[in-house]
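Right, one structure below, let's go through it.
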Amino acid sequence: MEIEQFERLLECLTGTPVKDLSASERQFLSVALSNDNKAIGWSQFNELLLIANKDRVERPFFQYFFCPGNTRTEPKCQVRDIVKGVERFQKAAMLCFGNFIYAYRRLSRLTTETELRRELLGYCRDPKQLIKRFRSRKPKVLEIERVPRDETYLMGYLSASEVVAEHARASRLHEVLDLKDKRTWRALERAITSGVADLTERQELSRLISKFRKRTSRSSSPDDLQETIRDDLPLLDGVLQKLRKTQAKGEKNTDVYLTWDHMDIYFATSMRKRWEYEDLYDFVSDVMREKQLQTLNVRHFDPTQSFEKNRIDKGLIESLMLKRAACTVYSVQDTDTLGKDSELAATLAQGKPVIAYAPNIDVNRRVKQLIGQRPVVLKERLQFVHVADEGFTARFANQIDFINNFVDRINAFEEKTLWKSISDPDEVAKFTRANLADLKRFCRIIADSEKEIYNKRAQTLQKHHPLAIQVNLDTGVANGVLVARDTQTCVELLFRILTNQLEFNVKEDQQTNCWLLVERLTESVFRVVTKDRKLTNCFWNFYRRERGEEDGPEN
Amino acid sequence: MAQKTESGPEVLSLKLRQTDASWEHQEKTVYTVEALEREIREKLAPKKEASKEEASD
């Protein structure tokens with residue numbers, strides 16, 4: 001090993017450069033390092049450190065980093081192994097301390113293996129032991145009652161409000177129509193104007209009447225509307241009952257989640273529209289059915305299966321899940337980017353691993369998934385991509401007329417539908433058949449745009465997003481998000497996180513003047529350590545100040 | 001059926017602007033069916049003056 005390389009390694013190890021070596025010191029080192037195959041023990045390693053004017057290390061430090069797996073009383077490593085040992089130390093320092101100087105000072109002085117392992121937190125746990133522990137978990141006493149995919153949207157406040165409101169409006173309209181002398185539209189409108197307290201609801205009922213009149217012939221009468229409502233009320237009632245049952249199921253499931261003794265994965269997202277619930281359901285199902293995770297008896301929180309009565313409970317439960325879970329997965333497929341990014345940042349600041357899932361869309365496959373969805377859902381998806389895809393208007397400039405025309409067709413179709421909470425599958429199928437070629441084109445535009453959005457989101461999270469790296473306020477360690485582009489990578493990452501088998505590369509980034517700990521599978525930055533000496537010194541002086549000291553003269 | 005089409009990106013933006021008051025729903029604190037029903041029934045209930053008028057029809 002060359003002396004310059006050894007100097008560099010010692011700088012990586014201790015966090016500070018080797019001060020100018022004298023000619024005799026260089027001579028000593030040259031002889032000591034001349035044979036890469038030479039075995040060196042703990043005391044010999046310390047002699048090398050002392051020659052280079054660095055602090056010596058205790059035995060547990062040398063054994064753990066430079067002779068891993070070596071159980072001899074006097075462990076030894078070869079000179080060439082110093083490279084790997086230093087890298088092993090750097091990874092541990094970045095994972096647990098976010099700083100090399102402090103990590104070296106702290107760890108090198110510990111005199112027992114137990115103390116050392118305590119400082120390295122969960123990162124020194126044996127993967128085989130962890131797997132054994134997971135597999136030997138006792139079965140759950142309570143299991144959640146599964147809410148089917150097409151009922152998950154009923155967990156949301158938006159859908160619940162819509163279902164309840166439409167049922168109530170239909171019932172009220174039915175009551176008003178039953179009163180005598182409401183045989184003309186004018187009389188009906190007057191009755192609503194005078195007979196309904198809230199202005200917004202009067203407008204909604206008028207809108208319903210107007211919709212009905214548009215879709216029926218000119219000769220239709222309030223009696224025809226009454227008949228339609230009589231036919232629709234049982235269907236609306238059916239959805240309302242389903243809503244009640246789903247909420248009850250969701251409440252019980254929340255209780256089950258709260259009482260589980262283990263919680264490994266928290267799937268986080270903010271869902272509002274029906275398709276967001278269904279997309280997340282599909283994602284969670286695809287991930288959790290994989291054998292790798294099944295064999296570990298992993299417990300996860302699925303928000304599509306949980307209902308909370310109010311937004312305060314919802315917030316508290318989310319916080320509790322974040323606190324309990326070993327790992328959090330964010331699906332960035334939804335519309336609320338600001339809320340989601342803030343929540344992601346808050347989780348990173350707790351120091352736990354965070355996976356952000358931004359799917360790599362297969363456009364053809366996606367088009368097939370989109371066709372057959374209710375036209376209003378396709379319009380909602382277009383609304384999402386139109387806002388989220390900054391380049392939408394430019395990229396589809398020569399298709400804007402087509403898009404406008406198709407949106408008009410969707411609006412015309414939805415105008416014929418009185419209720420958002422019930423849909424006629426036959427009418428949807430008829431619309432699909434009548435517009436198939438244009439529907440495929442429309443869905444392709446949405447799929448292309450989605451691909452662009454998620455590619456951009458993934459890149460932003462990995463490279464640019466200011467919230468994608470957060471400092472754990474307790475420890476001062478700067479944590480980064482792991483970005484997964486497909487479910488298989490997500491599964492593999494989760495397995496590695498839970499069994500302490502994440503693999504990293506240590507990189508020096510010239511652009512940011514930082515050391516980066518990069519996760520190998522996704523090439524996401526997991527930890528950062530600045531090389532700025534003043535920032536390092538000031539930062540760690542404050543973070544490592546002993547408890548009980550004043551913060552400043554004003555306190 | 002031929003649809004009268006208005007075109008251009010500005011028209012599209014207007015058409016796609018959220019109009020379903022979904023933000024309004026975010027203001028709700030309680031989401032149970034019972035709470036939502038109470039709220040909507042209050043809004044749909046007749047005005048006090050209207051009840052007298054309806055009774056006299």
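Chain letters run A, B, ... following the sequence lines, proteins first, then strands; residues in each count from 1. Model, not experiment: these values are computed from the prediction.
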Original post:
Is it the side chain or the backbone of A/Phe396 that comes within 4.5 Å of chain B heavy atoms, both, or neither?
Top reply: neither

Subject >> Atom pair CG (A/Asn405) and CZ (A/Phe442), whose distance is rounded to the nearest 0.5 Å >> reply: 10.5 Å

Original post:
Under 3.5 Å, is there a donor-acceptor pair linking the side chains of A/Ser206 and A/Glu189?
Top reply: yes

Original post:
Given a strict heavy-atom distance threshold of 4.5 Å, which part of A/Leu205 is in contact with chain B: side chain, backbone, both, or neither?
Top reply: side chain

Original post:
Among A/Arg202, A/Glu251, A/Glu201, who wins on heavy-atom pairs under 4.5 Å with chain B?
Top reply: A/Glu201

Original post:
Side chain, backbone, both or neither: which part of A/Ile192 has a heavy atom under 4.5 Å from chain B?
Top reply: neither

**OP:** Among A/Arg374, A/Lys379, A/Lys214, A/Arg215, find the residue that satisfies the salt bridge (Lys or Arg N to Asp or Glu O under 4.0 Å) test when tested with A/Glu414.
**Re:** A/Arg374

**OP:** Give a yes or no on whether the ring-centroid distance for A/Tyr277 and A/Tyr153 is below 6.0 angstrom.
**Re:** no

**OP:** Step through the shown structure and confirm whether more than 12 heavy atoms of other residues, nucleotides or ligands are within 6.0 Å of CD on B/Glu34.
**Re:** yes

Original post:
Run the salt bridge (Lys or Arg N to Asp or Glu O under 4.0 Å) check on A/Arg409 and A/Asp438 step by step: do they pass?
Top reply: CA-CA 11 Å; A/Arg409 274 187 259 175; A/Asp438 285 345; 2.8 Å; yes

**OP:** Examine whether an atom of A/Phe402 lies under 4.5 Å from a heavy atom of chain B, and if so say whether it belongs to the side chain, the backbone or both; otherwise answer neither.
**Re:** neither

Subject >> Between A/Val407, A/Thr393, A/Val163, the one whose heavy-atom pairs under 4.5 Å with chain B are most numerous >> reply: A/Val407

Original post:
Which bit of A/Thr193 is near chain B, if near means a heavy-atom gap under 4.5 Å: side chain, backbone, both or neither?
Top reply: backbone

Original post:
Can you tell which of A/Ile400, A/Leu240, A/Val164 has the highest number of heavy-atom pairs within less than 4.5 Å of chain B?
Top reply: A/Val164

